[in-house]
Number of protein chains: 2
Amino acid sequence: MDEVNASRELGVRLVQAAERLKADFAEAILPFELSVPAARALLLMDEPVPMRVLSDRLTCDQSYITRIADELEGRGFIQRVPGADRRVQLLKLTRSGIRMRESVFAAVTANNRVQLHLSRAEREQLDHLVALLLGD
Amino acid sequence: MDEVNASRELGVRLVQAAERLKADFAEAILPFELSVPAARALLLMDEPVPMRVLSDRLTCDQSYITRIADELEGRGFIQRVPGADRRVQLLKLTRSGIRMRESVFAAVTANNRVQLHLSRAEREQLDHLVALLLGD
DNA sequence: GGTCAACAGTTGACAATGTCAAGCATCGTC
DNA sequence: GACGATGCTTGACATTGTCAACTGTTGACC
């Protein structure tokens with residue numbers, strides 16, 4: 001019964017830690033004036049990616065990817081390139097998009113709580129526990 | 001360099017796990033037709049609480065507590081009771097609020113990923129790691 | 001070859017969860 | 001008694017999404 005409460009509180013703190021990570025991310029990308037989801041999407045674009053794939057990777061609605069793409073295209077960081085299947089649009093980084101992606105990457109990794117606060121062994125523990133929580 | 005990436009991905013998975021917890025919570029309280037923050041606030045009201053204290057405990061703006069209180073009062077689960085300091089409003093559970101709080105408590109603890117997926121030892125590990133992430 | 005279900009992307013409307021600034025009443029202090 | 005600090009409220013707004021409906025394209029089956 002007390003165990004029940006301790007588990008719930010642990011859950012609360014876990015969520016707080018996650019929110020701290022998100023806040024760190026948001027703070028790190030502040031200078032670039034990108035929305036958080038746009039920055040996340042940018043980091044996933046190592047090569048031209050179909051929008052559908054992005055919505056899978058970010059686990060969000062396809063329509064949301066449309067809006068992120070609008071933002072990034074409006075800023076000149078990506079182009080929409082029609083795919084072989086002409087229903088598909090690939091999002092491809094422009095040259096300035098590549099630079100922006102590198103800047104974002106540098107900023108968010110320089111600021112990474114997980115790396116700054118945890119040893120390698122602790123990260124491995126955490127990775128294991130998170131996998132358990134996510135149900136494998 | 002690869003370590004940098006592994007840390008970032010671990011952070012992403014940690015956030016995913018937290019979002020899973022939040023989704024579990026939201027699902028558990030679905031039958032009660034309470035908003036998530038209202039349900040969280042309810043769980044904190046073991047005794048009459050000044051609104052200010054709630055905004056500290058939920059780490060959110062005071063004005064947001066006003067809205068949560070409006071919701072809970074509108075549903076008949078709490079009353080606003082003026083405190084000794086007459087600037088302060090205490091939120092006090094009504095009888096039906098007490099019952100609702102118990103229902104919510106039962107629903108969210110029955111559904112707790114942390115307890116269901118982790119052994120006691122693993123929960124202690126996780127607690128330690130989360131404390132490190134939160135910077136003590 | 002024509003039909004039709006399924007799929008990708010877009011758009012508009014909306015929901016949830018907040019924050020911020022301004023204002024009001026009250027309090028404690030000088 | 002005046003005044004700055006505190007607690008609550010209200011209105012406006014931001015962020016991060018979801019859902020339903022639509023368009024255009026594809027692949028598969030008759």
Side-chain angles (χ1 to χ4, degrees), chain A residues 12 15-16 18-30 32-42 44 48-74 78-92, chain B residues 12 15-16 18-30 32-42 44 48-74 78-92:
Chain A
V12 170
V15 170
Q16 281 172 353
E19 255 139 37
R20 206 70 84 79
L21 292 188
K22 292 204 276 187
D24 290 346
F25 186 95
E27 193 194 340
I29 66 169
L30 218 48
F32 310 118
E33 302 191 281
L34 283 170
S35 73
V36 166
R40 290 187 59 204
L42 212 49
L44 292 175
V49 192
M51 299 176 69
R52 177 60 213 272
V53 171
L54 279 181
S55 75
D56 284 348
R57 296 227 253 258
L58 293 177
T59 50
C60 70
D61 200 84
Q62 276 194 55
S63 68
Y64 197 46
I65 302 296
T66 295
R67 294 177 222 275
I68 293 174
D70 288 348
E71 176 185 347
L72 291 174
E73 197 176 32
I78 62 165
Q79 283 183 317
R80 283 170 158 94
V81 184
D85 178 340
R86 275 163 54 210
R87 288 171 299 185
V88 173
Q89 302 272 25
L90 302 177
L91 302 188
K92 184 185 173 196
Chain B
V12 170
V15 170
Q16 281 173 352
E19 255 139 36
R20 205 71 84 81
L21 292 187
K22 292 205 276 186
D24 290 346
F25 186 95
E27 194 194 339
I29 66 170
L30 218 48
F32 311 117
E33 300 190 283
L34 283 171
S35 73
V36 166
R40 290 187 59 204
L42 257 195
L44 293 176
V49 192
M51 299 176 68
R52 178 60 214 272
V53 171
L54 279 181
S55 74
D56 285 347
R57 295 227 254 259
L58 292 177
T59 50
C60 69
D61 200 84
Q62 276 193 56
S63 69
Y64 197 46
I65 302 296
T66 295
R67 294 177 221 277
I68 293 174
D70 288 348
E71 176 184 346
L72 292 174
E73 197 176 34
I78 63 166
Q79 282 182 320
R80 282 170 159 96
V81 184
D85 178 339
R86 277 158 57 207
R87 287 170 299 184
V88 173
Q89 302 273 23
L90 302 176
L91 303 188
K92 183 185 173 197

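Just so it is clear, the model here is predicted, and its values are computed rather than measured. Naming convention: chains lettered A, B, ... in sequence-line order (proteins, then strands); numbering from 1 in each chain.
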*Asks:* In whole angstrom, what separates B/Ile68's CD1 from C/dA16's P?
*Replies:*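 These atoms are roughly 14 Å apart.
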*Asks:* Which ones in residues 81-89 of chain A lie close to DNA chain D, meaning a heavy atom under 4.0 Å from one of its atoms?
*Replies:*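 Only A/Asp85, A/Arg86, A/Arg87 qualify.
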*Asks:* C/dG9 P sits how many Å from A/Leu58 CG, rounded?
*Replies:*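 Going from A/Leu58 (CG) to C/dG9 (P), I get 13 Å.
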*Asks:* What distance do A/Asp70 atom CG and A/Ile78 atom CD1 have between them, rounded to the nearest 0.5 Å?
*Replies:*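 Result: 8.5 Å between the selected atoms.
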*Asks:* Roughly how far, to the nearest 0.5 Å, is CD of A/Glu73 from OG1 of A/Thr66?
*Replies:*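 Separation between the atoms: 11.0 Å.
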*Asks:* From CD of B/Glu33 over to C1' of C/dA16, roughly how many Å is that when rounded to an integer?
*Replies:*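 Distance, rounded to whole Å: 16 Å.
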*Asks:* Can you measure A/Gln62 atom CD to C/dT11 atom P for me and round it to whole angstrom units?
*Replies:*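 A/Gln62 atom CD is separated from C/dT11 atom P by 14 Å.
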*Asks:* Using a 3.5 Å distance criterion without hydrogens, assess whether the side chain of B/Glu71 forms a donor-acceptor pair with backbone atoms of B/Ser35.
*Replies:*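 Between the backbone of B/Ser35 and the side chain of B/Glu71 there is a qualifying donor-acceptor contact (under 3.5 Å).
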*Asks:* Test side-chain contact (heavy atoms from CB on, under 4.5 Å) on B/Leu44 and B/Val49 and set out the steps.
*Replies:* CA-CA 8 Å; B/Leu44 293 176; B/Val49 192; 6.0 Å; no
*Asks:* Can you give one letter per nucleotide of nucleotides 11-17 of chain D, going 5' to 3': B for a protein heavy atom under 4.0 Å from the base, S for sugar-phosphate only, - for none?
*Replies:* BB---SB
*Asks:* To the nearest 0.5 Å, what is the distance between CE on A/Met51 and CG on A/Leu91?
*Replies:*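 It is 5.0 Å, given to the nearest 0.5 Å.
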*Asks:* So does B/Arg52 pair up with B/Asp56, basic N to acidic O under 4.0 Å?
*Replies:*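 Judged by the 4.0 Å cut-off on N to carboxylate O distance, B/Arg52 and B/Asp56 do form a salt bridge.
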*Asks:* Check whether any side-chain heavy atom of A/Phe25 lies under 4.5 Å from a side-chain heavy atom of A/Leu21, and answer yes or no.
*Replies:*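 Not in contact.
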*Asks:* Provide, to the nearest angstrom, the distance between the CG atom belonging to A/Asp56 and the C1' atom belonging to C/dC7.
*Replies:*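 Between C1' of C/dC7 and CG of A/Asp56: 12 Å.
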*Asks:* Starting at atom CZ of B/Arg80, determine the distance to atom C1' of C/dA25, rounded to an integer number of angstrom.
*Replies:*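 Whole-Å distance recorded here is 15 Å.
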*Asks:* Using whole Å, report how far CG of B/Leu54 lies from C1' of D/dT9.
*Replies:*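 Computing the B/Leu54:CG to D/dT9:C1' distance gives 16 Å.
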*Asks:* Is it the case that more than 12 heavy atoms not belonging to B/Gln79 sit under 6.0 Å from its CD atom?
*Replies:*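 Not buried by this count: 12 neighbours or fewer within 6.0 Å.
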*Asks:* I need the CD-P distance between A/Gln16 and C/dG18, as an integer number of Å.
*Replies:*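 In whole Å, C/dG18 P and A/Gln16 CD are 12 Å from each other.
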*Asks:* Counting heavy atoms not belonging to A/Glu27, are there more than 12 under 6.0 Å from its CD?
*Replies:*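 Count not over threshold, so no.
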